[in-house]
Amino acid sequence: MIHILQNPKTETYQQLKTFILSRDFTWFWHDISTIGYVEDGHDNVPFYCHTFLERPEQTKSLYPLVKSQLIESASNVFQEILNYNKVNHNVFLRMSVNCVEPLSKQLKTVPHNDHEIVGHSNILIYLNNSDGDTIVEKQISKFKENKSILFQGEHYHITPSKKRRIVMVATFI
């Protein structure tokens, strides 16, 4: 189930968002968005990513790995939103910002869970004015700038039609 969170749009959030949307922000290309089985009607689309905190599965370790000097700012933004909404959180497992370019045809990305860890939650923040709705177990979250959502379970998104789809995402337990 998708829960819409209030985004207090703090100064920390505004500063990080402005930097992410600037020409000075560094993006890294990924040929595919999800490792694993591609279901009929879905595509494994390429995207740009900037990882703040690498998920433990990627590093084959028992803990996430800091990958960006912006980790503190990203962590503060997620904590501010979670605290503002009184959402309990103990440990972050992953943090990144993702960018999907518009394609000639809108596609559904691969349905997936971010981790095999039972009970983890996802927080997603839509950073720009685009489209590319998020689907969580058949429930749809419309893309809207500054909107924050919280969910658990299998999810995917629709690729954008006109502008880049830029989202910050974190997972936590």
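Side-chain contact between L93 and H120 is present, with heavy atoms from C-beta onward closer than 4.5 Å. Proximity of F172 to L82: side-chain heavy atoms (C-beta onward) are separated by under 4.5 Å at one or more points.
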Task: Trace of the side chain to side chain contact (heavy atoms under 4.5 Å, CB included) decision for N85 with H3 - done: CA-CA 11 Å; N85 289 275; H3 301 279; over 6 Å; no

Task: L53 and R94: CA distance, side-chain angles, deciding distance, side chain to side chain contact (heavy atoms under 4.5 Å, CB included) verdict - done: CA-CA 5 Å; L53 185 65; R94 168 186 180 233; 5.8 Å; no

Open item on the list: Does Y63 form a side chain to side chain contact (heavy atoms under 4.5 Å, CB included) with V91? I'd like the steps, not just the answer.
Closed with: CA-CA 10 Å; Y63 52 87; V91 176; over 6 Å; no

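Judged purely by atom type and a 3.5 angstrom limit, N128 uses its side chain to pair as donor or acceptor with the backbone of I166. In this structure, Q106 contributes its side chain and T159 its backbone to a donor-acceptor pair below 3.5 Å. Checked by atom type and distance alone, the side chain of Q152 pairs as donor or acceptor with a backbone atom of G119 at under 3.5 Å. Checking side-chain atoms of S96 against main-chain N and O of N98 turns up no donor-acceptor pair under 3.5 Å. Without hydrogens or angle criteria, N7 side chain to N146 main chain gives a donor-acceptor distance under 3.5 Å.
The environment of F19 atom CZ is dense: over 12 non-hydrogen atoms of other residues, nucleotides or ligands sit within 6.0 angstrom. Counting non-hydrogen atoms of neighbouring residues, nucleotides and ligands closer than 6.0 angstrom, the NZ atom of K147 exceeds 12 such neighbours.
Scanning all heavy atoms of the two residues, the minimum distance from Y13 to L127 falls at OH-CD2, 3.7 Å. Among all heavy-atom pairs drawn from K163 and S130, the shortest one is O-OG, 3.0 Å.
A search for salt bridge (charged side-chain N to carboxylate O under 4.0 Å, His left out) contacts involving K17 returns E145, not counting sequence neighbours. For the side chain to side chain contact (heavy atoms under 4.5 Å, CB included) test, residues two or more places apart in sequence or in another chain that qualify with E101 are Y48, C99, R164.
Listed by first and then second residue, the ring pair (Phe, Tyr, Trp, His ring centres under 6.0 Å) pairs involving residues 125-156 are H42-Y156, H112-H155, Y126-F143, F151-H155 (not counting sequence neighbours).
Ring centroids of H30 and F28 are separated by 6.0 Å or more, keeping the two rings apart.
Using cut-offs of 30° and 60° for the angle between ring planes, the F52 and H50 rings count as tilted.
Residue N76 holds its CG atom at 6.0 Å from OG1 of T12, rounded to the nearest 0.5 Å.
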